[in-house]
Trainee: 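Dropping the structure in here first, questions after.
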Amino acid sequence: MKNTTLKVALIGNPNTGKTSLFNQLTGLNQQVGNYPGVTVERKVGSCSLPHNKKATILDLPGTYSLNANSLDENLVIELLLNKKDKDYPDVAIVVTEVENLKRNLLLFTQIKDLEIPTILVINMADQMELKGISLDIPKLETALKTKIALISSRKSTGINELKDLIVNYEQLSTEPCLNASEIDSDYFNNLRRIYPNQQNYKLWLVISQDVNFGELSKNVLQNNSFSKSDEELKKLQHKETVKRYQFINNLLKEAKKVDVAKAKDLRSKLDSILTHKIGGYVIFFAILFLIFQSVFEWSSIPMEFIDESFASLSTWVNEHLPSGKLNDLVSQGIIPGVGGVVIFIPQIAILFLFISLLEESGYMSRVVFLMDKTMRRFGLSGKSVVPLISGTACAIPAIMATRNIENWKERLITILVTPFTTCAARIPVYAILIALIIPDKRIFGFLNLQGLTLMLLYTLGFLMAIVSATILNKMLQLKSKSFFVIEMPNYKMPYYKNVGLNVLEKTKTFVFGAGKIIVSLSIILWFMASYGPTDNFANAEEIITTESLNQSLSEEELQDKIASFKLENSYIGIIGKTIEPVIQPLGYDWKIGIGIVASFAAREVFVGTMATIYSVGSHSDEENTIKEKMRNEVNSVTGKPIYTFASGISLLLFYAFAMQCMSTLAIVKKETNSWKWPIIQLLFMSGLAYLVALTVFQFLK
Amino acid sequence: MQTTVDLLKKGEKAIIVAFNLETIPLKLIEMGCMEGHLVELVQAAPFGDPLYLDMNGTHLAIRKEMAKEIIVEIIHN
Ligand SMILES: Nc1nc2c(ncn2[C@@H]2O[C@H](COP(=O)(O)OP(=O)(O)OP(=O)(O)O)[C@@H](O)[C@H]2O)c(=O)[nH]1
Ligand SMILES: [Mg+2]
């Protein structure tokens with residue numbers, strides 16, 4: 001028997017459960033959320049079918065129709081119009097859900113016009129009883145000329161029936177379910193006459209919007225005597241939509257029954273509280289406050305545990321590996337560096353947990369609704385709230401989440417200011433600096449001073465985002481039509497499995513991503529710190545010993561001096577010394593300078609970098625946590641501590657504002673399609689960081 | 001009585017009569033904004049903007065400036 005792999009694409013309106021179904025079919029864990037526009041990219045997985053067959057399943061962003069309105073919707077159309085695309089499906093599965101079936105079917109009728117074998121999935125069958133909905137499946141199948149799988153991807157019902165349908169895809173009718181070309185028969189007959197080999201509906205899609213496929217472009221097609229103006233085209237699109245809705249409305253009048261008494265549900269009650277003029281805001285800010293409180297309160301015990309574990313791991317390795325350079329590298333560079341990130345897993349996981357809960361419950365759309373008017377004042381959209389909140393985890397998915405902001409100017413501003421929000425990668429840096437310079441005291445008996453500082457830094461990040469948005473709004477002379485539509489999904493009980501997997505996946509990505517950079521960077525730095533180009537480095541021992549002859553130094557002190565002299569003359573020391581004049585006015589020495597430079601790859605490497613540098617630069621073997629090493633660090637000239645209140649605050653502010661994340665710049669380049677914006681972002685943010693840090697240090701010192 | 005969607009009161013229901021095809025994006029039409037469909041104002045956001053509507057069974061929010069372009073006939077029950 002031939003072992004073929006079928007290609008199956010999941011298509012449907014946003015928030016109908018495509019990704020949930022994808023996860024069911026493939027066993028993967030892609031992100032699911034009760035918010036339109038969670039998936040923004042193609043995702044592929046494989047699924048085994050009955051009779052030893054296999055299928056590759058493609059998950060796509062949600063789209064309301066085949067008329068592209070936004071970037072992620074474009075993705076779907078480009079795929080379906082291009083037969084040469086490697087993912088071009090053998091079978092299309094249109095995913096709909098019981099409650100919004102009417103709107104969902106609009107897309108279905110369009111896909112049918114493309115004459116691809118199409119299966120209709122009606123998802124969320126588990127909601128039918130609760131909402132008093134009943135469906136006449138045979139009637140729907142006949143009228144829509146398709147096979148239907150009524151499933152629940154949460155409860156995993158109907159999945160096997162769906163697999164059977166996929167295997168037998170050749171039996172599916174490819175006939176359209178209504179004749180849309182009736183809206184202007186003359187026009188479509190003309191098209192058919194000139195391009196007899198092309199599907200009429202495909203031609204129409206190319207003409208009515210700016211997508212290209214193959215050799216057929218809008219310009220070529222529009223070069224006909226019977227062509228229509230853009231205005232006329234839109235009228236036709238309107239007519240087409242009306243026609244499709246008429247068909248669907250008539251069908252559903254017969255085939256879908258709703259028991260109105262049951263239908264009046266939770267939604268209206270919750271909405272009147274959560275979107276209330278005053279109460280709505282109070283609740284929103286209370287939730288934000290709760291999130292940040294919990295992030296710090298709940299995480300303190302596991303964090304202490306992790307801290308101690310890594311410290312003892314360090315000691316263990318130190319004692320059990322043969323002593324020498326490799327031992328130092330592992331026990332004093334890599335382990336503390338990785339520990340510096342692992343310690344934040346509890347905080348990050350709790351943050352991800354809350355964001356996931358907000359998304360899964362359906363509350364996120366209400367926040368968008370509440371905040372739109374306010375955000376518009378700053379040149380942003382209500383939809384910018386989602387990236388700004390999820391930016392507290394990581395700016396990269398946050399920037400991708402801007403794709404469903406329709407207005408280009410609002411979207412661009414959101415992309416540019418999102419990196420100001422305090423992402424998880426800043427937490428390690430903030431935490432260690434705060435522990436060094438802010439006393440662990442309580443004021444008014446309950447407010448922890450260190451926690452308060454952290455909260456201020458978060459607030460500062462948001463404020464800076466808002467202020468920059470206002471400035472950009474004034475400066476950018478972009479004309480784009482203001483246009484805003486957001487669907488308000490039903491409230492849903494967050495599904496523990498989705499939430500759990502979400503938290504796990506995101507945390508894993510963060511830790512492994514950061515871990516890789518930290519390990520490789522630690523190794524590079526360690527080599528650069530352990531070798532030097534000049535005679536000074538090679539003869540360090542002699543030079544220092546002669547120099548110190550007439551000072552009465554203990555052996556210990558002498559060795560320390562040699563180590564630090566070596567470090568200064570190593571490759572890294574030379575680089576550090578070269579940049580020192582630039583950063584000295586901010587209150588930093590050259591070692592911090594190296595930490596900052598390394599942080600331009602990713603902020604979270606700061607702690608690891610400092611750990612590596614300090615461990616090479618000191619002779620002693622005693623077990624010191626990185627925090628203690630930083631506390632003991634003194635300026636070699638003045639003998640005063642390096643990390644003072646002034647330099648610490650200056651460093652905190654530098655990290656708050658500077659654009660130190662290659663991956664973010666890369667994603668901004670991708671999303672804006674030019675180097676212009678990431679470069680502006682890099683220069684503006686880092687320049688601002690420098691100025692603020694400079695001013696603050698000069699003022700405080 | 002004819003009016004526009006931005007002037008609806010909370011809980012008021014109306015039938016869409018006409019809208020400005022030039023300014024209403026296709027996306028909104030596809031979500032159910034078309035002649036003959038029922039629309040209800042579920043809730044106005046603080047400061048009266050945006051508006052949370054139930055349009056032909058689809059729950060969505062649009063800004064006031066767009067709502068101004070949709071003419072409706074209020075139905076009394
Ligand atoms: N009750 C119920 N909820 C479901 C079911 N399937 C999915 N959901 C929920 O519906 C919401 C949307 O699911 P997703 O899988 O993210 O939907 P999507 O179609 O991929 O959405 P986009 O990527 O935004 O287009 C989530 O909150 C899911 O938990 C189901 O069978 N029953
Ligand atoms: Mg999805």
Side-chain angles (χ1 to χ4, degrees), chain A residues 13 36 63-70 73 99-104 106-107 110 208-209 231 234-235 237-238 240-242 244-246 249 252 258 267-268 271-272 274-278 280-281 365-366 368-374 376 381-382 406 481-490, chain B residues 4-13 15-72 75 77:
Chain A
N13 284 181
T63 173
Y64 286 105
S65 82
L66 284 184
N67 302 308
N69 296 299
S70 68
E73 294 189 350
E99 274 182 86
N100 289 308
L101 195 55
K102 204 189 280 176
R103 176 166 45 76
N104 297 162
L106 178 76
L107 177 66
Q110 292 177 327
S208 58
Q209 51 205 304
E231 205 175 307
K234 184 158 182 204
K235 268 194 193 133
Q237 283 183 309
H238 172 216
E240 178 201 335
T241 313
V242 170
R244 291 182 193 278
Y245 261 116
Q246 275 169 355
N249 284 340
L252 287 188
V258 183
R267 175 197 278 268
S268 45
D271 269 340
S272 61
L274 295 179
T275 63
H276 184 267
K277 284 187 165 65
I278 302 156
Y281 282 117
S365 301
R366 273 67 188 183
V368 170
F369 173 67
L370 274 180
M371 297 299 289
D372 183 58
K373 179 96 187 197
T374 317
R376 239 184 300 165
S381 152
E406 300 90 344
K481 241 189 263 161
S482 158
F483 145 43
F484 171 95
V485 183
I486 185 168
E487 199 188 334
M488 308 289 271
N490 246 324
Chain B
T4 49
V5 169
D6 62 304
L7 298 174
L8 287 178
K9 293 190 193 72
K10 190 177 162 179
E12 220 165 24
K13 291 193 177 94
I15 303 273
I16 299 175
V17 180
F19 55 85
N20 186 343
L21 196 55
E22 267 165 48
T23 47
I24 294 291
L26 190 59
K27 181 172 180 180
L28 192 62
I29 302 175
E30 289 163 351
M31 288 176 91
C33 173
M34 62 177 59
E35 297 84 348
H37 277 173
L38 196 68
V39 52
E40 176 185 341
L41 178 70
V42 180
Q43 176 98 42
F47 316 114
D49 193 15
L51 305 170
Y52 175 0
L53 307 170
D54 175 347
M55 213 173 243
N56 189 36
T58 295
H59 292 83
L60 49 83
I62 59 175
R63 288 182 184 162
K64 221 170 173 170
E65 50 188 313
M66 200 138 77
K68 275 199 185 111
E69 312 273 346
I70 309 171
I71 302 166
V72 293
I75 46 177
N77 38 3

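All heavy atoms count here, side chains included; hydrogens, waters and symmetry mates do not. Quick note on labels: first sequence line is chain A, next is B, and so on, each numbered from 1. Model, not experiment: these values are computed from the prediction.
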Trainee: Quick check on A:Thr374 against chain B: is it the side chain, the backbone, both or neither that has a heavy atom closer than 4.5 Å?
Mentor: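 When you check distances to chain B, only side chain atoms of A:Thr374 fall under 4.5 Å.
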Trainee: Mind listing the closest non-hydrogen atom pair of B:Gly57 and A:Asn100 along with its distance?
Mentor: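 What the structure gives for the nearest pair is O-OD1, 3.8 Å.
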Trainee: Got B:Asn56 and A:Arg103 here, is their nearest side-chain heavy-atom distance under 4.5 Å?
Mentor: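 B:Asn56 vs A:Arg103: side chains apart.
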Trainee: State, yes or no, whether a side-chain contact exists between B:Met66 and A:Phe484 at a heavy-atom distance under 4.5 Å.
Mentor: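 A side-chain contact is absent here, since even the closest heavy-atom pair is not under 4.5 Å.
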Trainee: Taking the side chain as every heavy atom from C-beta outward, state whether A:Thr275 and B:Val42 have any atom pair closer than 4.5 Å.
Mentor: no
Trainee: Which of the residues A:Lys235, A:Lys277, A:Met488 is involved in the greatest number of heavy-atom pairs with chain B at under 4.5 angstrom?
Mentor: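 The answer is A:Met488.
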Trainee: Side chains of B:Glu35 and A:His238: does their closest heavy-atom pair fall under 4.5 Å?
Mentor: yes
Trainee: Compare every heavy atom of A:Ser272 with every heavy atom of B:Gln43, then report the nearest pair and how far apart it is.
Mentor: OE1-CA, 4.0 Å
Trainee: Please state whether the side chain, the backbone, both or neither of B:Met34 comes within less than 4.5 Å of a heavy atom of chain A.
Mentor: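 Side chain only.
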Trainee: What's the spacing between A:Gln237 CD and B:Ile29 CD1 if we round to 0.5 Å?
Mentor: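 With rounding to 0.5 Å, CD (A:Gln237) is 8.5 Å from CD1 (B:Ile29).
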Trainee: At a heavy-atom separation under 4.5 Å, does A:Leu106 approach chain B through its side chain, its backbone, both, or neither?
Mentor: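 Contact with chain B: side chain only.
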Trainee: At a heavy-atom separation under 4.5 Å, does A:Phe369 approach chain B through its side chain, its backbone, both, or neither?
Mentor: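 For A:Phe369, backbone and side chain are both near chain B.
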Trainee: Looking at B:Ala61, B:Gly36, B:Pro46, B:Ala44, which one has more heavy-atom pairs under 4.5 Å with chain A than the rest?
Mentor: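 Maximum pair count with chain A is reached by B:Ala61.
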Trainee: Rounded to the nearest 0.5 Å, what separates atom OG1 in A:Thr241 from atom CG in B:Leu28?
Mentor: 11.0 Å
Trainee: So, for B:Glu30 and A:Tyr245, which heavy atoms are closest and what is the spacing to 0.1 Å?
Mentor: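 Minimum heavy-atom contact is O-OH, 2.6 Å.
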Trainee: Find the distance between CG (B:Leu51) and CG (A:Asp372) and round it off to the nearest 0.5 Å.
Mentor: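 Here the interatomic distance stands at 10.5 Å.
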Trainee: If I measure from the heavy atoms of chain A, does B:Leu53 come under 4.5 Å with its side chain, its backbone, both, or neither?
Mentor: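 Contact with chain A is absent: no heavy atom of B:Leu53 under 4.5 Å.
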Trainee: What part of A:Asn13 lies closer than 4.5 angstrom to a heavy atom of chain B: side chain, backbone, both or neither?
Mentor: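 Looking at A:Asn13, nothing touches chain B.
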Trainee: So what's closer than 4.5 Å to chain B heavy atoms on A:Thr63: side chain, backbone, both or neither?
Mentor: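 Interface part for A:Thr63: neither.
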Trainee: Taking the side chain as every heavy atom from C-beta outward, state whether A:Asp271 and B:His59 have any pair of such atoms under 4.5 Å apart.
Mentor: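 No, their side chains stay 4.5 Å or more apart.
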Trainee: Between A:Lys234 (side chain) and B:Leu21 (backbone), is there a donor-acceptor pair under 3.5 Å?
Mentor: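 The answer is yes, because a donor-acceptor pair under 3.5 Å joins these two groups.
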